Amino acid sequence: MDAVGVLLGEKTEGDWNAARALIKDVKAFMDKLLNYRKDNIPETTLIKLRKYLAIKDFQPETVKKVSAAAQLLCLWCISINKYAIVAKNIEPKKKKAKEMQAKLDEANA
């Protein structure tokens, strides 16, 4: 739950009561996960997240032994990190494509 807390900007590190408070309202918690603004994750947040991802036992199959729900949250954290890496690599290409499209539109006008 600490890794999820990091992504959601909640202080849950090592505090089970804080983690329980985060998931107490299941609908609100699911809304936060489903509507997470994955395109604007601060680099500092990703650095904190990657500390958890580097933990040997932070693997979906290992976490599943403890809790199926925790396994899904583990997968969500891993997926958000992968998305952030891909998005960071693609952003310059998107900008270049937009510039090139503008030049093409200008030439065709």
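Computed over heavy atoms, backbone and side chain alike; hydrogens, waters and symmetry mates excluded. Quick caveat: nothing in here was measured; it's all calculated off a predicted structure.
Partners of Arg50 according to the salt bridge (charged side-chain N to carboxylate O under 4.0 Å, His left out) rule, which considers only residues two or more places apart in sequence or in another chain, are Glu43. Applying the side-chain contact (heavy atoms from CB on, under 4.5 Å) criterion to Ala70, with sequence neighbours excluded, gives Val63, Ser67. For Glu61, there are no side chain to side chain donor-acceptor pair (under 3.5 Å) partners at least two apart in sequence or on another chain. With sequence neighbours excluded, no residue forms a salt bridge (charged side-chain N to carboxylate O under 4.0 Å, His left out) with Lys96.
Note: the hydrophobic cluster containing Tyr83 does not contain Leu53 (ILVMFWY, side chain heavy atoms under 4.5 Å, direct or indirect links). Hydrophobic clustering keeps Val66 apart from Phe58 (ILVMFWY residues linked when any side-chain heavy atoms are closer than 4.5 Å, directly or through intermediates). Both Tyr52 and Leu33 belong to a single network of hydrophobic side chains, linked directly or stepwise wherever heavy atoms of I, L, V, M, F, W or Y lie under 4.5 Å apart. When hydrophobic clusters are built by joining Ile, Leu, Val, Met, Phe, Trp and Tyr residues whose side-chain heavy atoms come closer than 4.5 Å, directly or via intermediates, Met30 is grouped together with Met1.
Tyr36 contributes a side-chain N or O that, together with a main-chain N or O of Leu7, makes up a donor-acceptor pair within less than 3.5 Å.
Taking Ile, Leu, Val, Met, Phe, Trp and Tyr as members and joining any whose side-chain heavy atoms lie under 4.5 Å apart, directly or through other members, the hydrophobic cluster of Leu75 also contains Leu72.
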Anything under 3.5 Å between a donor and an acceptor, one on a side chain of residues 11-29, the other on a protein residue two or more places apart or in another chain? List them.
residue: Asp15; atom: OD1; partner: Asn17; partner atom: N; Å: 3.1
residue: Asp15; atom: OD1; partner: Ala18; partner atom: N; Å: 3.2
residue: Asp25; atom: OD1; partner: Lys27; partner atom: N; Å: 3.3
residue: Asp25; atom: OD1; partner: Ala28; partner atom: N; Å: 3.3

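In this structure, NZ on Lys82 lies 12.0 Å from CD1 on Ile80, to the nearest 0.5 angstrom. Between the CG atom in Leu8 and the OG1 atom in Thr45 there is a gap of 10.0 Å [rounded to 0.5 Å].
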**Prompt:** Would Asn89 and Ile85 count as a side-chain contact (heavy atoms from CB on, under 4.5 Å) if you check the C-alpha gap in whole Å, the side-chain angles of each, and the deciding distance to 0.1 Å?
**Reply:** CA-CA 6 Å; Asn89 290 329; Ile85 291 167; 4.0 Å; yes
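Between Ile55 and Gln59, the shortest heavy-atom distance links the atoms O-NE2, 4.4 Å. Here the closest heavy-atom approach between residue Leu49 and residue Cys77 is recorded as CD2-O, 3.9 Å.
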